Amino acid sequence: MLEEKCDPPPKGKAGENGPFTIETTDLTKRFDQLTAVDSVSIKVNEGEIFGLLGPNGAGKTTLISMLVTMKKPNSGSAFVNGYDVTKNPGEVRNSIGIVFQDPSLDEELTAYENLELHAAMYGIEAKDRKREITSVIKIVDLEDRLNDVVKTFSGGMRRRLEIARGLLHCPKVLFLDEPTLGLDPQTRSSIWDAIRKMKKEKKVTIVLTTHYLEEADALCDRVAIIDHGKIVALDRSETLKNSLGGDIIVIESTDTARLETAFKTLPYAVGIKSLDGKITLKVSNGERKIPELLEVARKEGVEVKAVSLHKPTLDDVFLHYTGRAIREEGVSGKDSMKFRMRAFRARRN
Ligand SMILES: Nc1ncnc2c1ncn2[C@@H]1O[C@H](COP(=O)(O)OP(=O)(O)OP(=O)(O)O)[C@@H](O)[C@H]1O
Ligand SMILES: [Mg+2]
């Protein structure tokens, strides 16, 4: 098993930077007049999937680039696996894996050859390579394509191969920059499965960037919303959504006026409105309140025809903190091209 072969996780400098796998304090990166990453302070726990969610140009790649030592911060500090990204870049690099936003496989080589090249670069001994390649290729479900040339792969398969490659040298943290950019929903979900499997089987900490709300929602243990280089909110997706102040419950009944009067006596129900035979109300922990509301209706002798619950989405959260909808952000020509290239590759097979 690869797990047995992996080196023990780097210890870091005990006591120096606490128990976090990643910790940044006021991390800042400027390009001339533009502050691309603006005083970012985050703590990433061991073994979690941590999402950086933000629109194009928010600063996600720049933040990751500093964590993987490809860009130097202007100010602030960052520790990865206990190593200072400025003082110990070599140690940081040896303890991480990276899957870049832009594709970086050799198209003329087979999947196996691509992985073997990476294994050699990271000093994995020749006798161990085959076994380790077999272990990571299983995680991304590409065993059948191991000896095929990469140029025959779909966009999703290429992405999965890149993820396997990032895992090959047993990193303690894997950085994934826009892992599913431009891929169709089905392919995206197969990549999510691979990422979940990595977390479970390899116990790796994963930091990923995305501007897909569903991806952050479905995959990440915690999400940091980043906008104009600043973290504007950071928590579990559920907590972020709940922080907006509850759920919307809509009840369709035979006597809305009577129900409205009854609901107005409930201390937890706010914003009660009735329209077109339906009552809308805002409550916290909506699922738990539905039985109680139905019981009120029963006691009032009102027949309930339908009940629905609308939970706030990350869209609502982004809007709340930034005043804009993430989906409305325009994409730059460059990103639009990247998106189309990936989508094209994904369709090719
Ligand atoms: N090398 C650079 N020189 C000048 N400006 C840069 C450079 N790299 C990034 N920027 C700018 O910094 C800002 C943040 O860019 P970054 O690539 O980090 O955003 P992002 O959140 O990853 O966006 P995307 O979703 O499009 O990948 C943008 O305004 C970008 O134009
Ligand atoms: Mg980016």
Side-chain angles (χ1 to χ4, degrees), residues 22 24 26-42 44 49-76 78 80 85-86 89 96-104 155 158-159 162-163 166 173-183 188 191 195 206-217 219-220 222-234 314-315 317-319 321-346:
I22 296 172
T24 74
D26 293 330
L27 194 64
T28 300
K29 179 70 186 175
R30 283 185 290 276
F31 298 110
D32 298 321
Q33 300 304 310
L34 177 85
T35 306
V37 173
D38 193 353
S39 205
V40 165
S41 300
I42 52 170
V44 177
I49 303 180
F50 186 89
L52 285 166
L53 172 69
N56 291 133
K60 305 179 296 291
T61 297
T62 307
L63 175 53
I64 286 213
S65 301
M66 288 189 281
L67 297 177
V68 304
T69 79
M70 286 174 61
K71 285 196 168 82
K72 282 204 165 80
N74 289 98
S75 57
V80 176
V85 295
T86 314
I96 61 173
I98 315 166
V99 178
F100 294 106
Q101 186 166 339
D102 295 318
S104 60
R158 286 162 197 249
R159 212 57 186 145
E162 286 181 308
I163 290 170
V173 188
L174 185 62
F175 291 91
L176 304 172
D177 197 4
E178 301 276 3
T180 65
L181 181 70
L183 300 175
R188 195 178 295 167
I191 289 182
I195 293 172
I206 296 157
V207 176
L208 66 90
T209 76
T210 184
H211 53 261
Y212 295 123
L213 297 149
E214 321 79 57
E215 183 153 291
D217 217 358
L219 198 56
C220 299
R222 288 190 307 146
V223 178
I225 296 180
I226 182 165
D227 189 39
H228 297 305
K230 283 186 189 297
I231 304 290
V232 295
L234 192 171
L314 277 182
D315 240 337
V317 176
F318 190 82
L319 183 69
Y321 285 105
T322 67
R324 302 188 318 283
I326 196 168
R327 292 189 199 283
E328 283 169 9
E329 289 286 319
V331 290
S332 68
K334 189 172 155 222
D335 278 324
S336 166
M337 180 58 79
K338 279 179 202 160
F339 188 94
R340 287 202 300 272
M341 276 172 62
R342 288 237 171 107
F344 169 71
R345 286 187 185 129

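Only a predicted model underlies this, so the values are computations on that prediction, with no experimental measurement involved. Just so you know, ligand 1 is whichever comes first in the structure, and atom 1 is the first atom listed for that ligand.
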Practice task
With atom 17 (O) of ligand 1 as the reference point, say which of D177, I226, D227, T61 has the nearest heavy atom.
Solution key: T61

Practice task
Look at atom 13 (C) of ligand 1 and find which of G229, S65, G57 reaches it with the closest heavy atom.
Solution key: G57

Practice task
Give a yes or no answer on whether the side chain of T209 reaches the backbone of E178 with a donor-acceptor pair at less than 3.5 Å.
Solution key: yes

Problem - Metal site the Mg ion (ligand 2): N/O/S of T61 inside 2.8 Å - result: yes

Practice task
Any atoms of ligand 1 less than 4.0 Å from a non-hydrogen atom of H211? List them with their elements.
Solution key: 25 (O)

Problem - N, O or S atom of N56 closer to the Mg ion (ligand 2) than 2.8 Å - result: no

Handout entry: E178 touching ligand 1 at heavy-atom level, < 4.0 angstrom
Key = yes

Handout entry: Residue portion contacting ligand 1 (non-hydrogen atoms closer than 4.0 Å) for L34
Key = side chain

Exercise for the section: May I ask you to check if ligand 1 and F31 share an N or O to N or O distance below 3.5 Å? Expected result: no

Exercise for the section: Decide whether the shortest distance between a heavy atom of G59 and an atom of ligand 1 is less than 4.0 Å. Expected result: yes

Problem - Under 3.5 Å donor-acceptor, E162 side chain and S104 backbone - result: yes

Completion exercise
CG (L63) and CG (D177) are apart, to the nearest 0.5 Å, by 10.0 Å

Problem - Check: N74/T28 side-chain N/O donor and acceptor closer than 3.5 Å - result: no

Handout entry: Test item: K29 side-chain N/O and K72 main-chain N/O as donor-acceptor pair under 3.5 Å
Key = yes

Practice task
Please identify which atoms of ligand 1 are closer than 4.0 Å to at least one heavy atom of A58.
Solution key: 19 (O), 20 (P), 21 (O)

Problem - Interfacing atoms of ligand 1 (cut-off 4.0 Å, heavy-atom, Q101) - result: 27 (O)

Handout entry: Check: T24 side chain, I42 main-chain N or O, donor-acceptor pair, under 3.5 Å
Key = yes

Problem - Spacing of OG1 belonging to T322 relative to CG belonging to D227, to within rounding of 0.5 Å - result: 5.5 Å

Exercise for the section: Verify, without hydrogens or angle tests, whether K71 (side chain) and T62 (backbone) share a donor-acceptor contact under 3.5 angstrom. Expected result: no

